[in-house]
4 protein chains.
Amino acid sequence: MMLVTINQHGKIPIFRQLIQEIKMKIASGELSPGDKLPSIRELAVYLSLNPNTVMKSYRELEREGLVKTKMGKGVFVSENLNESTINQLKKNILFQKIDEMVNTAKMLNIKKQEIIEEINKRY
Amino acid sequence: MMLVTINQHGKIPIFRQLIQEIKMKIASGELSPGDKLPSIRELAVYLSLNPNTVMKSYRELEREGLVKTKMGKGVFVSENLNESTINQLKKNILFQKIDEMVNTAKMLNIKKQEIIEEINKRY
Amino acid sequence: MMLVTINQHGKIPIFRQLIQEIKMKIASGELSPGDKLPSIRELAVYLSLNPNTVMKSYRELEREGLVKTKMGKGVFVSENLNESTINQLKKNILFQKIDEMVNTAKMLNIKKQEIIEEINKRY
Amino acid sequence: MMLVTINQHGKIPIFRQLIQEIKMKIASGELSPGDKLPSIRELAVYLSLNPNTVMKSYRELEREGLVKTKMGKGVFVSENLNESTINQLKKNILFQKIDEMVNTAKMLNIKKQEIIEEINKRY
DNA sequence: GTGGTCTAGACCACA
DNA sequence: GTGGTCTAGACCACT
């Protein structure tokens with residue numbers, strides 16, 4: 001693992017950035033059900049974070065059912081994530097961004113056509 | 001004024017929500033250069049916020065050059081915002097959302113066509 | 001009169017800037033004992049200030065004995081300012097700046113010689 | 001820390017005095033890059049100020065790039081202040097005072113020689 | 001009546 | 001234990 005990038009000085013809390021990064025890896029398939037996440041200590045050292053911060057992220061991911069702690073073994077991506085739920089996760093993440101973007105455009109009286117042109121420039 | 005909506009219990013600080021709302025009003029042309037913003041006290045009462053919270057928002061907007069405080073008179077949209085800078089502001093706001101969204105889609109291996117379909121459903 | 005420059009957006013209150021400007025004109029001899037100052041309304045229009053602000057400045061100058069209001073006639077530089085008191089005023093103004101500057105230099109461990117070199121560059 | 005002196009009743013706002021004091025400590029080398037500033041609460045108690053007032057000072061120093069906040073850890077003198085930038089800071093602080101003083105002297109028709117004599121009396 | 005400063009202190013988020 | 005947000009409200013300075 002794991003190619004995670006954390007911005008220590010941004011407005012977004014570190015633990016939230018970490019949650020988001022892991023969520024993205026699960027949604028994109030980079031992490032599959034059953035895969036072991038790095039240990040809390042390992043990841044904390046690797047990212048120069050406080051272990052408490054990493055733990056907080058893992059807790060939240062567990063609360064959302066995306067990962068599962070196996071006592072004494074480590075933290076793993078939930079086995080009961082099937083393709084359909086992962087797809088749903090993917091869509092939730094993307095649709096939220098699309099909603100925000102479209103709402104913004106509407107408020108600023110920016111036409112749909114202009115949005116699509118900008119997307120074409122980027123993708 | 002002013003039709004501002006504030007979510008008291010979201011993750012985003014109230015003063016940042018207020019900044020964003022006012023920025024949008026300037027970008028959309030609802031507030032024009034030279035226009036007077038509501039007085040700190042007035043807006044605080046209207047939104048059921050503490051005057052300090054409103055002031056914090058106004059200060060940040062001033063720091064960004066969007067408004068200008070005239071002591072004893074009030075806070076005004078900067079006179080030196082011309083049409084071009086306002087257009088730039090508009091684009092900055094939108095492009096940031098588009099960038100986020102496109103990056104997310106790329107990471108999740110979601111095709112451009114799918115994004116555009118979703119936009120069509122919403123706009 | 002009067003070549004007064006006021007910075008509407010600085011940290012220093014307008015009325016204080018005006019006091020300082022007039023004080024300087026008296027100390028430098030540009031305004032002599034007996035000279036009439038511009039009327040409050042006149043100066044307020046000229047500098048785009050609120051008459052109350054100008055009045056406040058004149059009041060303070062009067063409190064310090066530098067000007068004298070003659071009811072119905074206007075505001076005048078005090079007749080009883082002799083050369084010696086004006087000289088004293090001059091020194092007070094300058095010495096305060098010198099004190100500040102020297103104290104700063106001392107705290108920053110900057111040598112006297114360096115100060116003098118900088119003064120030579122400027123004067 | 002820290003030998004800071006605050007004048008509760010002067011014309012200069014407390015938070016600005018504090019900014020100035022800390023800036024001087026950085027410029028003089030009393031505080032070095034990486035050094036931890038006192039915690040907001042700690043300094044507030046020590047100076048009998050409200051935590052908000054101390055925070056306001058720290059924020060401004062951060063805005064100017066002199067200090068850096070590490071959430072949950074404290075506020076630190078910026079690591080990226082090298083000797084050259086600190087020297088620049090030093091000069092900026094002093095030169096501003098010198099400029100003011102020289103300009104005043106010029107306006108009052110006071111000769112350079114007289115200024116230097118006064119400096120000799122003081123330093 | 002406007003913004004600016006400051007206090008007192010609660011409560012939250014973060015590391 | 002650290003900073004961040006927010007409220008309540010006093011008091012001041014400015015126009």
Using a strict cut-off of less than 4.0 Å between a Lys/Arg side-chain nitrogen and an Asp/Glu carboxylate oxygen, indicate whether [X] and [Y] qualify as a salt bridge.
X: R59(A); Y: E62(A); result: no
X: K97(C); Y: E100(C); result: no
X: E64(D); Y: K23(D); result: yes

[atom1] of [X] versus [atom2] of [N]: gap in Å, rounded?
X: L37(B); N: dG1(E); atom1: CG; atom2: C1'; value: 16 Å
X: L18(C); N: dT15(F); atom1: CG; atom2: P; value: 10 Å
X: K36(B); N: dT15(F); atom1: NZ; atom2: P; value: 16 Å

Note to self: When you compare the side chains of N50(C) and T53(C), does any donor N or O come within less than 3.5 Å of an acceptor on the partner?
What the structure shows: no
Note to self: So L66(A) and L89(A), do their side chains get closer than 4.5 Å, heavy atoms only?
What the structure shows: yes
Check: According to the Watson-Crick and G-U wobble definitions, with both distances under 3.5 Å, which nucleotide is paired to dC14(E)?
Finding: dG1(F)
Item checked: S39(C) (side chain) donor-acceptor with E42(C) (main chain) under 3.5 angstrom -> yes
Check: With the sugar-phosphate defined as primed atoms, P, OP1 and OP2, and the base as all remaining atoms, what B/S/- string results for nucleotides 5-15 of chain E, 5' to 3', for protein heavy atoms under 4.0 Å?
Finding: BBBBB----BB
